[in-house]
Every structure is written in C-alpha cells, then in structure tokens.
Number of protein chains: 2
Amino acid sequence: MGNDLDAGTPTDMGERPTLRTVAQATGFAVATVSRALAGDPRIAEATRAKVAEAAKRLGYVPDRAARRLRTGRTQVISLLLNTEHEFLGFTHEVLSGITEALAGTGYAVTVVPDSPGEDRLAPVRTILRNNLADGMLFTRTEAFDPRVRLLMEADFPFVSHGRTEFTTPHPWVDFDNEAFARAAVERLVAKGRSRLSLVLPGEQFTFTQHLRYGFVSAARAAGIEYEIVAGVTLDSPTREIAEALTQARRGPTPPDGYVCVGEVTAMVTLAALADTGAVHGVDADIVAKRASPIFDNIRPRIDTVFEDLRATGRTIAGMLLRRMAGEPPEGLNMLFHPDPPR
Amino acid sequence: MGNDLDAGTPTDMGERPTLRTVAQATGFAVATVSRALAGDPRIAEATRAKVAEAAKRLGYVPDRAARRLRTGRTQVISLLLNTEHEFLGFTHEVLSGITEALAGTGYAVTVVPDSPGEDRLAPVRTILRNNLADGMLFTRTEAFDPRVRLLMEADFPFVSHGRTEFTTPHPWVDFDNEAFARAAVERLVAKGRSRLSLVLPGEQFTFTQHLRYGFVSAARAAGIEYEIVAGVTLDSPTREIAEALTQARRGPTPPDGYVCVGEVTAMVTLAALADTGAVHGVDADIVAKRASPIFDNIRPRIDTVFEDLRATGRTIAGMLLRRMAGEPPEGLNMLFHPDPPR
DNA sequence: CAAGGGATTTATAACGTTTCAATACCCGCA
DNA sequence: TGCGGGTATTGAAACGTTATAAATCCCTTG
C-alpha cells in the first residue's frame, strides 16, 4: 500500500473522499462504485465486497448535497415547532424521541417555527414548494387541519400528532385524551367529589373535543355536576387562568374536583386553591396529566396520569420513516392509552 | 406577456423555476441571472432590476442542494441537543429563540442528539467530516470543552452557551451565574438566614464553578455557614436529590436558606421542606433561578431570578451568523446579567 | 480610422451523485 | 470460426448552481 504517488490526482489525502476516490482506489469506474455501494444485484458479488472494503477503509460517506441534487430526495425531516410559550418538557421530550428514532437512518431533523397566530400553512407551503424535506411532523392538530389537507393533496409524507376528522386516512399518533378525561373523572368521583371543573385547550384542536367528550360523558354517567371553565384556554396566560379559577372558587358552589390537562394548569389550580383558603385533599382534589417526573416533587402530592412524550416522538418519527418508504397510510396509526392514574 | 409558446422547453409551467427559467424569461444568460440575483455590481443596474422582477414574478427560489454542492456552504446550523431528561422549558425556549433569529436568513436549524454519557465529540466530528453544517451551537459547556478545542482547531464557526477557560478567544453567550449565586445569598442573608445550602450541576461544567464561587464567596463575606450538598448533582434523579435534602434537614443544624439553580430543584426543595415538617418562609427560605413563568403559580411563592432563555437562543444564533459572516471571535461574547431577585 | 479599454455579458467547467444506454466480456452452441 | 445472449462494467449526461476566463459591445482617444 504505502503512499500512492502514482495517483497524482488533485484529490489528495486529507480531502474528503468521493466516489472518484473509491473508484481510483479499486480500479472500477465511478458508476460501478455507486451501484456497488447501493447494493445493486447487477454488480458482481466480488466487486461489491471489494468496493465496500475500500469505501470503509477510505472513510467514504456520500455527499448529501450531490445526492440531493441528483435524486431530489433531501434526507431531511421537518418538525413544525409551535413557538408559543410552553413550560414543561413537551418539545424536549418529543424532539429527543424523534432524534432517537432517526439515529443511524441518515435523516436529519430540521426545526421550523410554526407561529400560532400566523398562517399555519405558510411554513408547509415553503417546504413543499422549495423541496426542503422528504417528510413532515407536527403537533396541535385541528379537526380539519388545513396542513393535513394540503399535504394529502400534495401526497407528501407526514405524520400528525393528533387525529383529524377527515375521512381520507392519514398517518397519526395520538394519546387517548378521552380515556384520560374519563379516568380522571372516575378517579375524582371515587374520592367522593361531585362538582368537577376542567380548563380546555383551544376549541380548534381535535384533542380538545376528545377531552370534552370524555369529561362530560363520564360526569353525566356518574350523575354529578361539572363545568368547563369559560373564557380561558390552556394557552391563555397563566394569570388569566388563575383569575378564572379563583373567581369560580369564590362562587356559591365552588368545584371540589379538578381535571388538569397539563402540569402548568395543575400548578395554577393548586395556587388557586391555596389563595382561596382551600386545602387540597380536603376541600378539593386534582387529577392531572403528567409528561415529566416533576409531579413526584410537588407537595401536596396530586394524582397524575402519565403521557410518554418521548415514546410519542419515537413513534411519529418511526411511522414517518415507514410512510416515506412507501407504506400506505391506512395502517399507520397509533393511539397511546393512559396508564391507570396513581 | 401571454403564453410563451415559443419556449417549447421541457421546463413547463408548474415545474419549480430554476435559473434557466428566469434566464429564458428575461433573455439573459444563466450566468448573468445568477450574478444579477447575487447583486454583483458588474451587472448593469437595468439588468439587475429586470432579472429581479422576473425572478419574483416566477417565484424563483434558489435550489439549496445545487448551491450547497457548488459552494460547499450548507446553509445549515446544527444545534447539539442534550437528550437527558429535562423538565422545564430550556430546550423549547432556546430553540424558539434560535429559530426567531434565523427567520428570513435562509439558514435551517438541524437538531443533533448529544448523548451525555457518550463521546461528546462524535457528533461534532461527524458534522465536520461530512460537512453537514456551516456553524454549530451547543450548551452545557465545560471548562476545557473538547468540542470547543476541536472546533477552534478546525476553524469552524460556533457559539457555545457557556464560557470555557481556554486562553484563545471564542464566541460565547452566558448567564452570569456567579452574580446570580451571590445575589441569591445576599437575598437570603437579608432575610436573616445563616445556614445556606446549594445543589450544584456536574463538576465538569464551567457554570458550576461560577455558581460555586459566587455562593461561597458571598456566604463567606456575610460570615455565615454554607454547604454544598454532597453526592448529588442537578442531573441526579430527583428522587436522589430529594433524599439528600431530606437527610440534611434531619441533621442537628438543618439549613435555613436554599439557593436553587433550577425550577426542578426548587420544587424538590419545597417538597423536602414539607416532608420534614418545615414551613417555607418560617423555617427556611428559597431563592431560585427561573426560566419560565411557572413560579408565578407556585404556592408558597418563592423568590426567583429570571434567566431569559429565549433571548439567549436569539443571541447565540445571531452571534453565530456574525461569526459565519467572518467577524473575528474577539468581540463575540455576551454575558446576561440577572435581574434583581423578586 | 484603428486601436485601446472599460463596461457588460456569456460560454463553459466544475461540484458529487445517480441512471440511461451502450459497451466489453465470456460462454456455449451452431 | 462466428454468433447469439446473458453477465458485468462503463461512459456520459444530468440535477441547478457559481466562478473562471473569455467574448462582445460601445465609446473614447491618438
């Protein structure tokens, strides 16, 4: 081996090896090397082995730009990130799950801001038109989400976190929020609570309807009173939520049970209880959805139901890979079920 | 203009316009169009205007892959994301800030996992060797961070969140954790507290040393007792931190003041107080660093110092842009100062 | 009027990959 | 010997862009 003085090419050692480097090292043509590395069966077994060895030895890695230019495939997956304030680890957990599922696949994740007030289609259009990704992931899905409609029309691979109400099937991953709400209500009823309260996310999101249905139907089934806090959503400033909750507590018949969809609401609720002189566990109870271990460290302890967001991230990414590989959308659905409350 | 029947090219309407499309529409050569759009002063003013108009009308957007292949510049910025569990909005806030600063620049952010137990250099090496990005951002910087060393050697643009102790200057953005710790101590002393406690992040991080120094020197200056909780770090499972704190409280002279570096620790500390029958505000006080508005909704209310992570994200991204544009590293530093505690 | 020269524009060659169409090779068989 | 026919390999073109070097034009000047 030694130093290949005869190679006298501009491509010297230290440069990034290309197909040409490998071709020269093996004596085959560039086209052959390309095919061999792609595992093309028309290339002889022995050749494939020789090329593979040389590629590995030289540390050859295909150039993304060249491949992308040639094939039109970007090897990129875009995640639409909502840029509203968010307090607990939603983004971190989902993103960790996604990168976990994508490790070793050659796919890169790019993060694209999805400003909630703005046109939610704009970033999607940009990605489609300028061919910036091979697939897309997003959250906070709406019943007739325009992004879903557009992507289905364009036949562009995506997985939504959250279901829609379109009749055409598309890949989605969701948490069974109806079951969560139902279980939360039942848990509170079991504790003897009979006037329940719930703060919902914005009306437009599908999971809001699931939560509402689970909450309302379970409360009715138990024959107890319930109210959905008016005038605020989960995305309202916490100050406003706190005010609404406090005001409700000062009414003639304050709630004695709270279903909280997020950790923040749970904290706000705890604070509202404290501020109105009520004692958790005595005057009222809370059951909350929990996506992080933080509630292990809250006093008073409150009942929680765990939603595994890292698994969610892994799943949406894995499903997108399958969709991009050509699987039909029909089978690509996954509904996570709440563990029993604890 | 009407329909250009004479154009009879394979590039029909509906296809993504390229330089060739614009060239044909204007009658100039591809090279001229490229130059005109790049604002090359050697192209006549009138030509530049005509080309710009046509490009806009046709909706021309340069192809990233082609540009990348030709120039070697990727138009990508990589963010090294630590995949440990994290509970409050660090990732979300920093990432939102980054995308905010990058909006409209044409740069995309890709997220690369930075597994804490693993070789922290591996993802950096991959990015360098395979030319996957033009610049890099990362957090949890160490005193002699090997990533910083490698990137400086390679002369690759980056901004670290956190300072190092290298003598060669490099761009960084940091929060003045020493000032935070000092202020927290002073605040506790002002409340009459005289036995302070602190849980530190892992020894390897630079900001750990800043915290330690601020804490220790302020406590000494005030002539009070202090302890750094042994055996656990901020990254320890919360259960272990809780145990260590609870145990300390059961000793002969339990702490009466806590400096908490994160929101989670603050919650754990509150829980430890509650579990040992101590009352916040009576038996002990807490001053905590706060990166989200969540503490407005914690009862008991605790003193906090705000670290604006979204601004941090904006700043590291903005600084990286300047570095990539060729600015020398010397001036590219920014130290965020804590607001007065409240 | 020819030559010089500044101002514009352009043809062309890359960047590294994949793929189409064509070539070279080898074997068996007429 | 020559030829069909599979097998294995290859040359060349193309993806869309930028940069180098050369060409064109037009105007000034000796």
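Below, read A as the first sequence line, B as the second, and so on, with proteins coming before strands; counting in each chain starts at 1. Remember, predicted model here, so these are calculated numbers, not experimental data.
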Heavy-atom contact window of chain A on DNA chain C, given 5' to 3' at under 4.0 Å: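 So the contact region on DNA chain C extends C:dG16 to C:dC20.
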
Supply the atom-to-atom distance [X] [atom1] to [Y] [atom2], rounded to the nearest 0.5 angstrom.
| X | Y | atom1 | atom2 | result |
| --- | --- | --- | --- | --- |
| B:Thr74 | B:Asp134 | OG1 | CG | 3.0 Å |
| A:Leu95 | B:Leu95 | CG | CG | 6.5 Å |
| B:Glu15 | B:Arg20 | CD | CZ | 10.5 Å |

Pair listing, salt bridge (charged side-chain N to carboxylate O under 4.0 Å, His left out) test, anchored in residues 66-81 of chain A, at least two apart: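 Sorted result for residues 66-81 of chain A: empty, none.
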
Electrostatic pair A:Asp114:A:Arg140 at N-O distance under 4.0 angstrom: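 A:Arg140 and A:Asp114: not salt-bridged.
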
Lys/Arg N to Asp/Glu carboxylate O, B:Asp63 vs B:Arg16, below 4.0 Å: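 Yes, charged N to carboxylate O under 4.0 Å.
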
Ring geometry between B:Phe158 and B:Phe138 (parallel below 30°, tilted from 30 to 60°, perpendicular above 60°):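 Rings of B:Phe138 and B:Phe158: parallel, under 30°.
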
Throw together a table of side-chain donor-acceptor distances under 3.5 angstrom for residues 121-132 of chain B, partners on residues two or more places apart or in other chains.
residue  : atom : partner  : partner atom : Å
B:Thr126 : OG1  : B:Ala122 : O            : 3.0

Any protein N or O atoms within reach of nucleotides 24-26 of chain D? Criterion: under 3.5 Å, listing atom names and distances.
none

Angle by which the axis turns from one end of the helix from C:dC1-D:dG30 to C:dA30-D:dT1 to the other, five pairs per end, to 10 degrees: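 Rounded value for the end-axis angle: 80°.
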
Side-chain heavy atoms of B:Arg163 within contact of B:Asn333, under 4.5 Å: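 Counting from C-beta outward, B:Arg163 and B:Asn333 never come under 4.5 Å.
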
Within residues 34-51 of chain A: residues closer than 4.0 Å to DNA chain D (heavy atoms):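 Output list: A:Arg35, A:Arg42, A:Ile43, A:Ala44, A:Thr47.
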
Toward the 5' end of DNA chain D, by each residue's nearest nucleotide, A:Gly27 or B:Asp63: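 The residue mapped nearer the 5' terminus is A:Gly27.
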
For DNA chain C, the residues among residues 65-78 of chain B that have a non-hydrogen atom under 4.0 Å from it: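 Under 4.0 Å from DNA chain C: B:Leu69, B:Arg70.
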
side-chain hydrogen bond (donor to acceptor under 3.5 Å, both in side chains) against B:Arg48, all qualifying residues, sequence neighbours excluded: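 Residues passing side-chain hydrogen bond (donor to acceptor under 3.5 Å, both in side chains) with B:Arg48: B:Glu45.
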
Those residues that, when tested against B:Glu53, pass side-chain hydrogen bond (donor to acceptor under 3.5 Å, both in side chains) (two or more places apart):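 Residues passing side-chain hydrogen bond (donor to acceptor under 3.5 Å, both in side chains) with B:Glu53: B:Arg57.
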
List the atom pairs, with distances to 0.1 Å, where a side-chain N or O of residues 311-324 of chain B and a protein N or O form a donor-acceptor pair under 3.5 Å, not counting sequence neighbours.
residue  : atom : partner  : partner atom : Å
B:Thr312 : OG1  : B:Asp308 : O            : 2.9
B:Arg314 : NH1  : B:Glu100 : OE2          : 2.9
B:Thr315 : OG1  : B:Ala311 : O            : 2.6
B:Arg322 : NE   : B:Glu327 : OE1          : 3.4
B:Arg322 : NE   : B:Glu327 : OE2          : 3.0
B:Arg322 : NH2  : B:Glu327 : OE1          : 3.2
B:Arg323 : NH1  : B:Glu327 : O            : 2.7

Whole angstrom value for the distance that separates P of D:dT17 from CG of A:Asn130: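 In whole Å, D:dT17 P lies 11 Å from A:Asn130 CG.
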
Nearest-angstrom distance from the residue atom CZ of A:Phe28 to P of D:dT9: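 Atom CZ in A:Phe28 sits about 6 Å away from atom P in D:dT9.
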
Check: B:Thr141 side chain, B:His161 main-chain N or O, donor-acceptor pair, under 3.5 Å: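 Checking the backbone N and O of B:His161 against the side chain of B:Thr141, a donor-acceptor pair under 3.5 Å is found.
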
Using a 3.5 Å cut-off and no angle test, enumerate the donor-acceptor pairs between side-chain atoms of residues 101-111 of chain A and protein atoms at least two apart in sequence or in another chain.
residue  : atom : partner  : partner atom : Å
A:Thr105 : OG1  : A:Leu102 : O            : 2.6
A:Thr105 : OG1  : A:Tyr107 : N            : 3.2
A:Thr110 : OG1  : A:Ser78  : OG           : 3.1

Where at least one partner belongs to residues 32-43 of chain A, residue pairs that pass side-chain hydrogen bond (donor to acceptor under 3.5 Å, both in side chains), sequence neighbours excluded: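 Of all non-adjacent pairs touching residues 32-43 of chain A, those that pass side-chain hydrogen bond (donor to acceptor under 3.5 Å, both in side chains) are A:Arg35-A:Asp40, A:Asp40-A:Arg42.
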
